[in-house]
**Q** 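My questions will all concern the structure given below.
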Amino acid sequence: MRKIPFITLILLATTVSALGQNLYQKFDYVTVTGKVMSRGGDPVVNCMVEIRTVSQGGSEVDVIGTGSRNVSKLNKAGWGRTDEKGIYLIKGIPSPGRYLVVVKGAKGFKKTQIPVSVDSGQGKAVTVNTLVLDKYQDIDSKTRKLLGKSSKLLKKGDLDGAEKLLLEANARNGNLSEVHISLGNIHLKKKNYKDALTEFTKAFDLGDKSPALCMTSAKIAFSMKRFKESAEFIDAFLESNPKDLMGLYVGGISYFNMKKFKEAEPYFKRYADIKGSENHDVNFLYVYGMTEDALGHYESAADLLNKAYQNGWRASPVFLETLANAYLKQKKKAEAKVILKELLEKFPEFDGRKIAEDTYNSL
């Protein structure tokens with residue numbers, strides 16, 4: 001089977017497209033709904049949820065990462081409390097607009113926020129991705145001072161000094177995910193990728209499932225061919241980013257490389273559904289096609305593999321044999337014969353040539 005080249009993952013800060021601001025625009029009003037859960041998967045009941053206005057009327061703003069913005073100066077557009085299932089409904093939110101859904105002051109949990117874009121034509125209800133709350137941890141004053149000093153050293157570029165302080169903090173309290181993330185970042189800067197993954201995994205196991213951590217860890221694990229781990233990180237990433245194309249692609253290829261084709265197929269299908277008819281990436285077409293072939297879905301396999309071939313996938317005896325066989329399984333003799341002819345003309349010698357010649361002559 002042809003080895004699939006890994007496309008380097010790049011984490012990019014995205015921006016919401018500008019729609020043009022109109023100060024005299026007439027707003028519609030929608031209901032914003034969602035769920036608040038603990039990292040362990042339990043609903044957070046009777047939790048106050050606020051919606052803060054970033055902008056209205058569609059002006060361009062940056063998409064904000066979870067927990068990264070001071071919201072004290074952002075006006076409240078609405079608020080409500082979660083029910084026994086952790087679900088909230090907040091009515092009367094102006095559309096269009098850009099907002100932050102904010103949870104703060106939930107006893108025993110860290111404050112959390114998530115961006116939501118409300119555009120015209122979305123309907124009367126907008127569903128927000130689930131807000132996942134991490135447990136709040138008390139940190140003693142000595143450990144907090146060590147973390148503060150290490151942060152300053154990191155900003156100055158003193159990696160060894162920062163690492164020494166972080167290791168001291170970790171010896172005092174080994175359950176702080178932020179310590180392991182900082183240590184992982186230091187190892188990344190030093191290009192010690194194995195050690196970086198070890199630290200990021202510790203933070204992950206302690207409950208930190210932030211998208212940046214999950215995607216970065218998946219990237220490292222994949223590059224080290226630790227596909228089981230890359231799939232685990234990507235699955236956590238997709239919980240909060242279910243339509244992310246790179247996440248779906250890497251998730252599918254991780255399972256593909258483990259030869260878990262049944263598990264890989266849903267990722268590729270969701271990728272194709274989101275990308276639509278615009279998708280002509282030959283790597284994607286190939287891995288999706290080979291997955292379908294392995295599952296015995298010969299019609300879709302032939303379609304995908306043929307598209308990959310027509311769009312530039314390099315021919316090989318195994319590839320062309322697989323494509324011809326997919327046509328034969330459907331009793332599409334004419335199509336199979338065309339592929340077999342190319343196989344025999346392009347490759348004078350290969351294992352199984354006699355069988356291919358006999359099959360070609362029988363069609």
**Q** Quick one: does S151's side chain have a donor or acceptor within less than 3.5 Å of a partner on G148's backbone?
**A** no

**Q** Set out, in order, the CA-CA distance, both residues' side-chain angles and the distance that settles side-chain contact (heavy atoms from CB on, under 4.5 Å) for N173 and L176, then state yes or no.
**A** CA-CA 7 Å; N173 187 342; L176 297 175; 3.7 Å; yes

**Q** Below 4.5 Å, heavy atoms only, C-beta onward: do I355 and D358 meet side chain to side chain?
**A** no

**Q** Check the pair K149, L153 against side-chain contact (heavy atoms from CB on, under 4.5 Å), reporting the backbone distance first and the verdict last.
**A** CA-CA 6 Å; K149 289 180 180 178; L153 290 178; 5.6 Å; no

**Q** Closest approach of A77 and I93, non-hydrogen atoms and distance?
**A** O-CD1, 3.5 Å

**Q** Compute the ring centroids of F256 and F261, then answer whether they are less than 6.0 Å apart.
**A** yes

**Q** Where is the tightest heavy-atom contact between L323 and L305, given as atom of each residue plus distance?
**A** CD1-CB, 4.0 Å

**Q** In terms of heavy-atom contacts, does NZ of K341 have more than 12 from other residues, nucleotides or ligands at under 6.0 Å?
**A** no

**Q** For residues L245 and F233: do they belong to one hydrophobic cluster (side chain heavy atoms under 4.5 Å, members Ile, Leu, Val, Met, Phe, Trp, Tyr)?
**A** no

**Q** Are Y249 and Y267, when compared by the centres of their aromatic rings, separated by less than 6.0 Å?
**A** no

**Q** Will you find, in the side chains of S55 and R98, an N or O donor that is under 3.5 Å from an N or O acceptor?
**A** no

**Q** Just by distance, do the side chain of Q330 and the backbone of A326 share a donor-acceptor pair under 3.5 Å?
**A** yes

**Q** Should F227 and F222 be marked as a ring pair (Phe, Tyr, Trp, His ring centres under 6.0 Å) after you check the CA-CA gap, both sets of side-chain angles, and the distance that decides it?
**A** CA-CA 6 Å; F227 301 119; F222 194 103; 5.1 Å; yes

**Q** Can you name the closest pair of heavy atoms from V36 and C47 and give their distance?
**A** CG1-SG, 4.4 Å

**Q** Would you please say whether a donor-acceptor pair under 3.5 Å links the side chains of D140 and T143?
**A** yes

**Q** The test is salt bridge (Lys or Arg N to Asp or Glu O under 4.0 Å); show your working for K260 and E263 and say whether it passes.
**A** CA-CA 6 Å; K260 293 187 175 182; E263 289 81 359; 5.6 Å; no

**Q** Are I51 and V102 side-chain neighbours, meaning at least one heavy-atom pair lies under 4.5 Å?
**A** no

**Q** Consider only side-chain N and O atoms of T127 and T33, and report whether a donor and an acceptor are under 3.5 Å apart.
**A** no

**Q** Can you confirm whether F350 sits close enough to E321 that some side-chain heavy atom of one is under 4.5 Å from a side-chain heavy atom of the other?
**A** yes

**Q** For K329 and E299, what are the C-alpha separation, side-chain angles and deciding distance, and is it a salt bridge (Lys or Arg N to Asp or Glu O under 4.0 Å)?
**A** CA-CA 9 Å; K329 290 290 185 179; E299 184 175 356; over 6 Å; no

**Q** For Y309 and F319, I'd like to know if the aromatic rings sit close, meaning centre-to-centre distance below 6.0 Å.
**A** yes

**Q** What heavy-atom pair brings R353 and L344 nearest, and what distance separates the two atoms?
**A** NH1-O, 3.1 Å

**Q** Is the count of non-hydrogen atoms from other residues, nucleotides or ligands lying under 6.0 Å from N361 atom CG greater than 12?
**A** yes

**Q** Any idea which heavy atoms bring W79 and I90 closest together, and the distance?
**A** N-CG2, 3.6 Å

**Q** Measure the spacing between CD1 of I181 and CG of L206 and express it to the nearest 0.5 Å.
**A** 9.5 Å

**Q** Any side-chain heavy-atom pair from P115 and V54 closer than 4.5 angstrom?
**A** no

**Q** Any side-chain heavy-atom pair from P94 and Y29 closer than 4.5 angstrom?
**A** yes

**Q** So which atom in F109 and which in S38 form the shortest heavy-atom distance, rounded to 0.1 Å?
**A** CE2-CB, 3.9 Å

**Q** For K164 and D158, run salt bridge (Lys or Arg N to Asp or Glu O under 4.0 Å): C-alpha distance rounded to whole Å, both residues' side-chain angles, the deciding distance at 0.1 Å, then the answer.
**A** CA-CA 10 Å; K164 182 179 179 180; D158 184 356; over 6 Å; no

**Q** Count the heavy atoms belonging to other residues, nucleotides or ligands that lie under 6.0 Å from NZ of K190, then report whether that count exceeds 12.
**A** yes

**Q** Y360 ring centre to K337 NZ or CZ under 6.0 Å, with the angle to the axis within 45°?
**A** yes

**Q** Do the side chain of S223 and the main chain of I220 share a donor and acceptor less than 3.5 angstrom apart?
**A** yes

**Q** Working to the nearest 0.5 angstrom, can you tell me the gap between L238 CG and L248 CG?
**A** 5.0 Å

**Q** Verify the distance criterion only: is there a donor paired with an acceptor across the side chains of D303 and Y288 at less than 3.5 Å?
**A** no

**Q** At what distance, to the nearest 0.5 angstrom, does CG of D208 lie from OG of S177?
**A** 4.5 Å

**Q** Determine whether the side chains of E265 and T291 contain a donor N or O and an acceptor N or O closer than 3.5 Å.
**A** no

**Q** Could you tell me the separation between the OG1 atom of T31 and the NZ atom of K91, rounded to the nearest 0.5 Å?
**A** 6.0 Å

**Q** Does the side chain of Y271 come under 3.5 Å of the side chain of D281 through a donor N or O and an acceptor N or O?
**A** no

**Q** Under 4.5 Å between any side-chain heavy atoms of K202 and T198, yes or no?
**A** yes

**Q** How long is the span from the OG1 atom in T53 to the OH atom in Y99, to the nearest 0.5 Å?
**A** 5.0 Å

**Q** Do P96 and V118 come within less than 4.5 Å of each other through their side chains, counting heavy atoms only?
**A** no

**Q** Side-chain contact, heavy-atom cut-off 4.5 Å: Y88 with V101?
**A** yes

**Q** Just verifying a value: how many Å separate D83 CG and K35 NZ, rounded to the nearest 0.5 Å?
**A** 9.0 Å

**Q** Under the side-chain contact (heavy atoms from CB on, under 4.5 Å) criterion, do I234 and C214 qualify, and how do the steps go?
**A** CA-CA 6 Å; I234 280 295; C214 292; over 6 Å; no

**Q** Check the pair F200, N185 against side-chain contact (heavy atoms from CB on, under 4.5 Å), reporting the backbone distance first and the verdict last.
**A** CA-CA 9 Å; F200 290 148; N185 285 330; 3.5 Å; yes

